[in-house]
Amino acid sequence: MNYDPELHHRRSIRLRGHDYASAHAYFVTICMQDRAPLLGKIIEGTMRLSSGGRTVLDWWQELPRKFPSVDPDAFVIMPNHFHGIIVIRPVG
């Protein structure tokens with residue numbers, strides 16, 4: 001879906017002038033389209049990952065091998081979204 005300012009009224013929470021490629025810790029949220037529970041189900045109070053949820057977990061753990069300056073930190077996978085803290089270290 002393309003951005004339509006008449007339809008999408010979210011205010012950006014990005015810090016103006018900040019270089020988001022610089023070394024810092026960042027909080028990331030990824031939501032499933034239409035809030036579809038594609039990542040799993042909560043059964044008896046425990047998150048049970050679907051194959052999509054396992055794929056998210058696998059790629060989260062793979063990040064440092066693909067990107068040596070990236071350290072994934074704390075994260076949580078919910079049925080329809082993912083939260084994680086990612087640390088980008090200086091390169092070199």
Side-chain angles (χ1 to χ4, degrees):
M1 171 185 281
N2 293 329
Y3 175 76
D4 178 354
E6 295 299 317
L7 179 63
H8 304 101
H9 299 286
R10 279 187 77 175
R11 178 182 62 83
S12 175
I13 59 173
R14 289 179 175 249
L15 182 62
R16 288 183 191 194
H18 180 71
D19 177 8
Y20 281 91
S22 62
H24 290 286
Y26 296 97
F27 182 77
V28 177
T29 298
I30 300 172
C31 298
M32 300 300 100
Q33 184 174 348
D34 300 323
R35 298 183 180 167
L38 301 176
L39 304 178
K41 295 179 181 179
I42 297 176
I43 300 172
E44 296 179 4
T46 301
M47 179 63 186
R48 307 284 185 194
L49 296 178
S50 66
S51 63
R54 285 188 297 278
T55 298
V56 168
L57 175 61
D58 291 345
W59 276 105
W60 183 253
Q61 294 170 334
E62 183 71 18
L63 284 173
R65 287 184 283 284
K66 292 239 170 249
F67 306 98
S69 64
V70 170
D71 292 320
D73 203 314
F75 70 96
V76 63
I77 301 173
M78 299 300 292
N80 63 0
H81 66 284
F82 166 88
H83 296 294
I85 297 173
I86 191 165
V87 179
I88 299 176
R89 288 182 280 105
V91 177

Taking all atoms of both residues into account, what is the closest heavy-atom pair of D19 and Y26, and its distance? O-OH, 3.7 Å
Any chain of hydrophobic side-chain contacts (each under 4.5 Å) joining W59 to L38? no
Tightest non-hydrogen contact, residues I86 and W60, listed as CB-CH2, 4.2 Å
For the CG atom of L63 and the CZ atom of F75, what is their distance to the nearest 0.5 Å? 10.5 Å
To the nearest 0.5 Å, what is the distance between CG (L57) and CG (L49)? 6.5 Å
Would you check if K41 and L39 make a side-chain contact, meaning some heavy-atom pair closer than 4.5 Å? no
What are the two closest non-hydrogen atoms of M47 and M78, and how far apart are they? CE-C, 3.5 Å
Nearest heavy-atom neighbours spanning I85 and A25: CG2-CB, 4.3 Å
hydrophobic_cluster_shared for F82 and F27, side chain cutoff 4.5 Å: no
Minimum heavy-atom separation for A36 to N80, with atom names? O-CB, 3.4 Å
Pairs where residues 45-71 contributes a residue and the test salt bridge (Lys or Arg N to Asp or Glu O under 4.0 Å) is met, not counting sequence neighbours: E62-R65, D71-R89
Non-hydrogen atoms of G40 and P79 that approach each other most closely: O-CB, 3.3 Å
